[in-house]
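Data block below; observations after.
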Amino acid sequence: MEEQVEWHRKEFRGRESELSSITELAKREGVQPNTVSSWSSRHASFPEIVMTKRGAVTTKYYVTAEFDRYREIQRGVARQARTRKSAPPRSKATIARERLATLKAQDDKLAEEEKELSEKLAAVLRRRHQLDEEMGEVRRGLEKELATIQEALRTEQP
């Protein structure tokens, strides 16, 4: 079977000595090839593929110097993560004080909401009282009108 070569970055054509396969890159780092393959799929900063050779096996090639820079940056990130100092532990009194402050802030917020709702409820109750009075006046007017009609009907009967 004839090997097919696909160039993804044509500027490296003729510069094959600058390229390394995933297997070669893994050997440089002392890891398995699937580890390098995993880095390539997980990290957006992983170097771009330069060339793919397809035959009985498909082999991807990358610029060796770009891979070396990528790994140096990754080692620096890992080093920073290991040396980053964590905050000192907080005392129980500090935790309790912070929790109390949080609860006080929540209580203040609820008190403000309660005040607003109480004012709205008072306004609703006042309006309902006004409506009750108005409905009472209308009922009394209707009753008076009905009484007048009934009285008129009684006087008209023989």
Side-chain angles (χ1 to χ4, degrees), residues 4 6-12 21-23 25-26 29-54 57-63 65-158:
Q4 294 178 335
E6 179 183 356
W7 286 94
H8 304 279
R9 294 171 63 189
K10 293 179 176 39
E11 68 270 21
F12 285 95
S21 69
I22 285 183
T23 303
L25 296 173
E29 288 296 313
V31 298
Q32 295 295 315
N34 63 347
T35 301
V36 176
S37 182
S38 176
W39 292 339
S40 73
S41 62
R42 290 185 182 172
H43 299 178
S45 61
F46 194 86
E48 291 181 36
I49 189 169
V50 175
M51 174 181 67
T52 305
K53 283 187 180 178
R54 288 185 177 81
V57 176
T58 298
T59 308
K60 297 176 182 177
Y61 289 86
Y62 299 86
V63 177
E66 290 178 2
F67 177 80
D68 290 343
R69 278 193 298 278
Y70 160 80
R71 287 303 297 147
E72 186 58 38
I73 290 168
Q74 291 302 309
R75 281 191 286 276
V77 168
R79 201 170 20 258
Q80 283 179 348
R82 283 191 305 273
T83 60
R84 192 174 296 134
K85 297 194 189 258
S86 61
R90 298 179 301 157
S91 69
K92 288 183 179 181
T94 300
I95 293 169
R97 200 170 33 254
E98 290 170 357
R99 181 68 179 142
L100 188 61
T102 299
L103 292 172
K104 175 74 171 101
Q106 290 174 350
D107 185 58
D108 290 346
K109 183 178 178 184
L110 289 172
E112 183 61 34
E113 288 178 21
E114 180 183 22
K115 181 181 174 188
E116 290 173 11
L117 290 173
S118 293
E119 290 170 358
K120 287 180 181 179
L121 178 60
V124 167
L125 292 174
R126 280 192 302 274
R127 182 65 183 135
R128 286 194 67 199
H129 181 72
Q130 290 171 348
L131 290 174
D132 285 345
E133 287 181 356
E134 191 175 333
M135 286 188 331
E137 287 177 24
V138 170
R139 279 192 188 107
R140 285 188 292 279
L142 284 172
E143 288 170 358
K144 199 183 232 185
E145 188 71 28
L146 186 57
T148 305
I149 292 171
Q150 286 176 344
E151 184 62 35
L153 287 174
R154 268 191 236 124
T155 55
E156 290 181 12
Q157 290 182 355

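What's counted below: heavy atoms across the whole structure, side chains too, no hydrogens, waters or symmetry copies.
Contact between S21 and Y61 at its shortest, heavy atoms only, is N-CD2, 3.6 Å. When all heavy atoms of P33 and I22 are compared, the pair lying nearest together is O-CG2, 3.4 Å. For the residue pair S40 and Y62, the shortest heavy atom distance occurs at CB-OH, 4.0 Å. Nearest heavy atoms, W39 versus E29: CZ3-CG, 4.3 Å. Across every non-hydrogen atom of I49 and R9, the tightest pair is O-CD, 3.5 Å. S45 and Q74 get closest at one heavy-atom pair: OG-NE2, 3.7 Å.
Taking OG1 from T52 and CD from Q4, the interatomic distance works out to 11.0 Å, rounded to the nearest 0.5 Å. In this structure, CZ in R126 is found 9.5 Å from CG in L121, a value given to the nearest 0.5 Å. Note: E133 CD to M135 CE = 11.0 Å, rounded to the nearest 0.5 Å. In this structure, CG on L153 lies 11.0 Å from OG1 on T148, to the nearest 0.5 angstrom. The distance from atom CG of D68 to atom CD1 of I73, rounded to the nearest 0.5 Å, is 11.0 Å. Of the inter-residue distances, the one linking H129 atom NE2 with E134 atom CD reads 12.0 Å to the nearest 0.5 angstrom.
Proximity of a side-chain donor or acceptor of S38 to a complementary backbone N or O of N34 within less than 3.5 Å is not detected.
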Which is it for R140 and E143 under the salt bridge (charged side-chain N to carboxylate O under 4.0 Å, His left out) test, yes or no, and what are the steps along the way?
-> CA-CA 5 Å; R140 285 188 292 279; E143 288 170 358; over 6 Å; no

Derivation and outcome, side-chain contact (heavy atoms from CB on, under 4.5 Å), residues V36 and F67 | CA-CA 10 Å; V36 176; F67 177 80; 4.2 Å; yes

Kindly determine whether E48 and H8 satisfy side-chain contact (heavy atoms from CB on, under 4.5 Å), including the steps that lead there.
-> CA-CA 9 Å; E48 291 181 36; H8 304 279; over 6 Å; no

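Taking a cutoff of 4.0 Å between a charged side-chain nitrogen and a carboxylate oxygen, D132 and R128 do not qualify as a salt bridge. Residues R69 and E72 are not paired through a salt bridge, judged by the lack of any N-O separation under 4.0 Å between the basic side chain and the carboxylate.
Ring geometry for Y70 versus H43: interplanar angle of 30 to 60°, hence tilted.
Inspection of the Q130 and R127 side chains reveals an N or O donor paired with an N or O acceptor under 3.5 Å.
Heavy atoms of other residues, nucleotides or ligands lying less than 6.0 angstrom from CD of E98 number more than 12.
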Atom pairs and distances, side-chain donor-acceptor, residues 109-120, under 3.5 Å, sequence neighbours left out:
unit_1 : atom_1 : unit_2 : atom_2 : d
S118   : OG     : E114   : O      : 2.9

